[in-house]
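Before any comments, here is the structure.
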Amino acid sequence: MCGIFGYLGSLENPLSACLEGLKKLEYRGYDSAGIAGLIKGRLWALKESGKIAALEAQIKNKVPLEIAIGHTRWATHGAPTRENAHPHFDEKETLALVHNGIIENYSSIKTFLKQQGIKFFSETDTEVIAQLVAYHYQSDLLKAVQAALKELKGAFAIALIHKDHPDTIVAASRECPLAIGFDDLKKEILISSDPNAFLGRNLNVAYLQKDEIALLQKAKIEIFDTMNHPILKKTEKLYGQNLLSTKKGYDHFMLKEIFEQPFTIQKSLVGRLDEGLGSAHLPELALSNLDLTSVRQILITACGTSYHAGLFAAELLEETARLPARAEIASELRYKNPLISRETLLIAISQSGETADTLGALREARARGARILAICNVKNSTLAREADAVLFLNAGPEISVCSTKAFTSQVTLLALFTLYMARLRHLGQKEGKKFLRELSLLPQIASEVLNQSGRLEKLALKYSQFENFFFLGRRYMYPACLEAALKLKEISYLNANGYPAGELKHGPIALISQELPVIAFAAKGPTYGKMLSNLQEVKARGAPLFAFAFEKDRELEKIADDVFYLPRISDELAILPASIAGQLFAYFIAKERGREIDQPRNLAKSVTVE
């Protein structure tokens with residue numbers, strides 16, 4: 001969501017460094033941006049609603065800042081206006097502060113500060129933090145921040161500068177990611193919500209967590225816990241050049257990432273296929289076979305696209321590994337009273353590893369004794385650090401807000417884990433080898449779908465005139481249609497709903513009309529005949545009908561207005577080619593309608609607050 005970046009050092013102009021850092025955070029989604037710095041003992045600041053380009057256009061000269069912090073804001077409290085953009089200041093403008101997260105008790109603190117005669121200038125919860133730090137300030141900036149944090153409720157990360165401390169940035173985190181990067185000699189010290197903003201630099205990186213506060217000064221880094229005790233943080237070396245991402249000639253990052261999927265699926269598979277045993281080879285899985293055979297139920301939790309991968313995995317685990325499994329939306333699970341015990345394995349799925357609701361559900365499950373397996377794309381993310389074991393997607397940075405390659409990598413990795421669990425329990429070697437062969441075909445299957453993108457584009461343009469869409473699927477095609485509908489909603493801003501086809505007559509059929517195209521995912525499995533009956537009902541009511549299918553079928557061609565044939569694969573893995581086709585379908589419609597595809601309105605790449 002929001003992005004923090006800060007620069008303290010002598011190798012670059014802090015203003016230029018901050019601007020470049022914020023540009024590398026643009027992919028997270030935002031609606032305003034701003035920078036503050038110090039120059040000759042006074043605060044300098046500039047902020048604008050809209051894109052960073054609008055902010056940059058207001059900077060007429062290369063301002064010689066001595067230190068700088070910047071921010072990209074995704075509006076929570078208050079409209080996306082210049083007044084509500086970060087940084088925020090105290091009443092006397094002695095300090096500037098940027099903030100990710102939400103302060104839950106900001107209203108009561110604001111009321112108290114107003115009673116002390118303090119005047120406010122924005123609608124944000126962030127300004128409350130700035131004013132509160134200033135209220136506690138008595139020459140010691142670190143103590144003022146520590147005093148303020150004790151009064152705040154919520155999840156947040158902050159960074160601030162003060163005119164009386166021209167060589168200092170204070171940063172703090174509570175359940176929101178904040179990374180500190182520095183070179184070996186500490187000639188450059190940077191902070192960011194996302195280490196992707198450290199692109200192009202070779203840095204040592206440490207991550208703040210659990211109310212830790214960092215005092216950053218020239219060539220000096222000190223980190224303290226809530227009791228003001230110094231902490232020696234572990235660091236890792238980040239080689240920034242390996243993270244650099246460009247569009248490589250594609251119109252959008254989303255399209256590039258769609259076409260990367262044969263490669264990223266292969267990366268999820270490489271080194272993880274045990275052909276001799278007919279099983280998955282997961283050496284990084286830090287759970288013993290004894291741990292896994294003692295599991296009596298699997299609970300999968302995630303949000304958005306990752307939740308759809310979880311729905312697929314729950315179905316596959318029950319059918320193939322014969323284990324009770326269900327998927328729960330993380331924002332619901334964390335406030336329920338689920339039946340979780342030491343015999344429960346919680347699988348938490350998050351591309352970024354920083355999804356607030358997924359982390360909340362993880363912590364709730366851990367408190368009840370569950371073991372935690374994370375499926376994640378980002379090493380050293382909060383999810384990866386807190387789980388008992390992690391399986392990494394190895395998909396590389398995903399820049400488009402709309403997830404594509406991360407989803408298919410999640411599906412691939414979850415299928416591998418299911419095979420591993422099934423072989424530990426009852427699945428025979430012969431059946432395991434058969435499943436393994438299907439898995440090994442996935443990169444080629446993905447390529448075959450992408451090779452038909454030209455035809456799919458023509459079909460998508462035909463349907464781009466409609467405002468509403470209805471997606472239907474059964475069994476493994478149900479999460480596929482949910483994911484396809486979500487993709488269309490995210491980047492085209494069109495109304496799209498996914499539904500299990502068997503539920504059609506239980507209400508949704510009332511929606512069917514000539515103005516509502518139905519997009520059907522028809523896998524050639526045990527429910528195929530039932531699916532054809534559902535489509536007959538749709539067609540009888542005049543709806544335009546576009547079907548994705550896996551085998552030539554004259555009966556289907558008689559019913560549907562258009563059929564797009566996908567490469568044949570087992571029902572269990574058909575979600576993968578179906579989802580890639582759904583991604584392309586959404587992309588081509590959004591492009592035809594002129595949408596901002598990589599950074600859709602109102603969306604953030606990583607949802608780090610509830």
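Predicted model, so just to flag it, every value in this text is computed and none were measured. Here, residue 1 is the first one in the sequence, and each next residue gets the next number. For the numbers below, each heavy atom of this structure counts, side chains included, while hydrogens, waters and symmetry mates do not.
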So [Y] and [X], do their side chains get closer than 4.5 Å, heavy atoms only?
X	Y	result
Ile575	Pro479	yes
Leu439	Glu572	no
Glu431	His426	no
Asn497	Leu511	no
Pro600	Tyr493	yes
Leu573	Ile445	no
Ile300	Leu317	yes
Phe312	Glu483	no

Atom [atom1] of [X]: over 12 foreign heavy atoms under 6.0 Å:
X	atom1	result
Arg425	CZ	yes
Tyr250	OH	yes
Arg363	CZ	yes

Q: With side chain to side chain contact (heavy atoms under 4.5 Å, CB included) as the test, would you mind laying out the steps for Leu255 and Leu584 before giving the verdict?
A: CA-CA 8 Å; Leu255 187 62; Leu584 286 169; 4.3 Å; yes
Is there a donor-acceptor pair closer than 3.5 Å between any side-chain N or O of [X] and the backbone N or O of [Y]?
X	Y	answer
Thr293	Leu290	yes
Arg342	Ala370	no
Glu318	Ala325	yes
Glu398	Met254	no
Arg423	Leu277	yes
Asn377	Ala395	yes
Lys487	Cys402	no
Arg595	Lys591	no
Ser288	Asp291	yes
Glu364	Leu333	no

Of all the heavy-atom pairs spanning [X] and [Y], show the shortest one and how long it is.
X	Y	answer
Leu535	Ala520	CD2-CB, 3.6 Å
Arg366	Ile372	NH2-CG1, 3.8 Å
Leu504	Asn534	CD2-O, 3.8 Å
Phe253	Ser400	CB-N, 4.0 Å
Cys176	Gly101	SG-CA, 4.2 Å
Ala348	Thr358	CB-CG2, 3.9 Å

(Q) Please verify the inter-ring angle class for Phe521 with Phe471; under 30° counts as parallel, over 60° as perpendicular, anything in between as tilted. (A)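 Rings of Phe521 and Phe471: parallel, as their planes differ by under 30°.
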Could you grab the distance from atom [atom1] of [X] to atom [atom2] of [Y], nearest 0.5 Å is fine?
X	Y	atom1	atom2	value
Tyr478	Thr527	OH	OG1	14.0 Å
Arg326	Thr301	CZ	OG1	9.5 Å
Glu448	Ile580	CD	CD1	11.0 Å
Asn394	Arg272	CG	CZ	5.0 Å
Asp598	Ile399	CG	CD1	9.0 Å
Cys376	Leu391	SG	CG	10.5 Å

Could you tell me whether the side chains of [X] and [Y] share a donor-acceptor contact shorter than 3.5 Å?
X	Y	value
Thr344	Gln297	yes
Thr404	Gln261	no
Thr305	Ser403	no
Ser173	Glu212	no
Thr382	Glu354	yes

Between [X] and [Y], does any side-chain N to carboxylate O distance fall below 4.0 Å?
X	Y	answer
Glu260	Lys267	no
Glu315	Arg475	yes
Lys24	Asp194	no
Glu537	Arg541	no

Q: Check the pair Lys336 / Glu328 against side chain to side chain contact (heavy atoms under 4.5 Å, CB included), numbers first and verdict last.
A: CA-CA 10 Å; Lys336 294 173 69 172; Glu328 291 265 9; 3.0 Å; yes
**Q.** Full working for side chain to side chain contact (heavy atoms under 4.5 Å, CB included) between Ile559 and Gln536
**A.** CA-CA 6 Å; Ile559 303 170; Gln536 289 278 18; 3.5 Å; yes
Show the atom names and distances, to 0.1 Å, of all donor-acceptor pairs under 3.5 Å that link a side chain in residues 412-422 to residues at least two apart or in another chain.
from   : atom 1 : to     : atom 2 : distance (Å)
Thr412 : OG1    : Thr408 : O      : 2.8
Thr418 : OG1    : Leu414 : O      : 2.8
Tyr420 : OH     : Asn289 : OD1    : 2.7

Listed pairs under 3.5 Å, donor-acceptor, residues 453-460 side chains, sequence neighbours left out:
from   : atom 1 : to     : atom 2 : distance (Å)
Ser453 : OG     : Leu450 : O      : 3.2
Arg455 : NH1    : Val563 : O      : 3.3
Arg455 : NH2    : Val563 : O      : 3.0

Q.
With side chain to side chain contact (heavy atoms under 4.5 Å, CB included) as the criterion, how do Val401 and Glu490 come out once you've worked through the C-alpha distance, each side chain's angles and the decisive distance to 0.1 Å?
A. CA-CA 9 Å; Val401 167; Glu490 285 178 317; 5.9 Å; no
Q: Apply salt bridge (charged side-chain N to carboxylate O under 4.0 Å, His left out) to Lys434 and Glu438, showing your working.
A: CA-CA 7 Å; Lys434 181 181 178 182; Glu438 292 280 321; over 6 Å; no
Q: May I ask you to establish whether Lys379 and Phe392 are in a cation-pi arrangement, using a distance under 6.0 Å from NZ or CZ to the six-membered ring centre and at most 45° from the ring axis?
A: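 Because its charged atom sits under 6.0 Å from the ring centre and within 45° of the axis, Lys379 does stack over Phe392.
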Q: Output every pair passing side-chain hydrogen bond (donor to acceptor under 3.5 Å, both in side chains) with a member in residues 545-562, not counting sequence neighbours, ordered by first then second residue.
A: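 The answer is Lys462-Asp562, Tyr463-Asp562, Lys524-Asp553, Tyr528-Asp553, Lys539-Asp561, Glu551-Arg568, Glu557-Tyr565.
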Q: Quick one: do Tyr476 and Glu319 satisfy side-chain hydrogen bond (donor to acceptor under 3.5 Å, both in side chains)? Show the steps, please.
A: CA-CA 11 Å; Tyr476 293 107; Glu319 181 169 7; 2.5 Å; yes
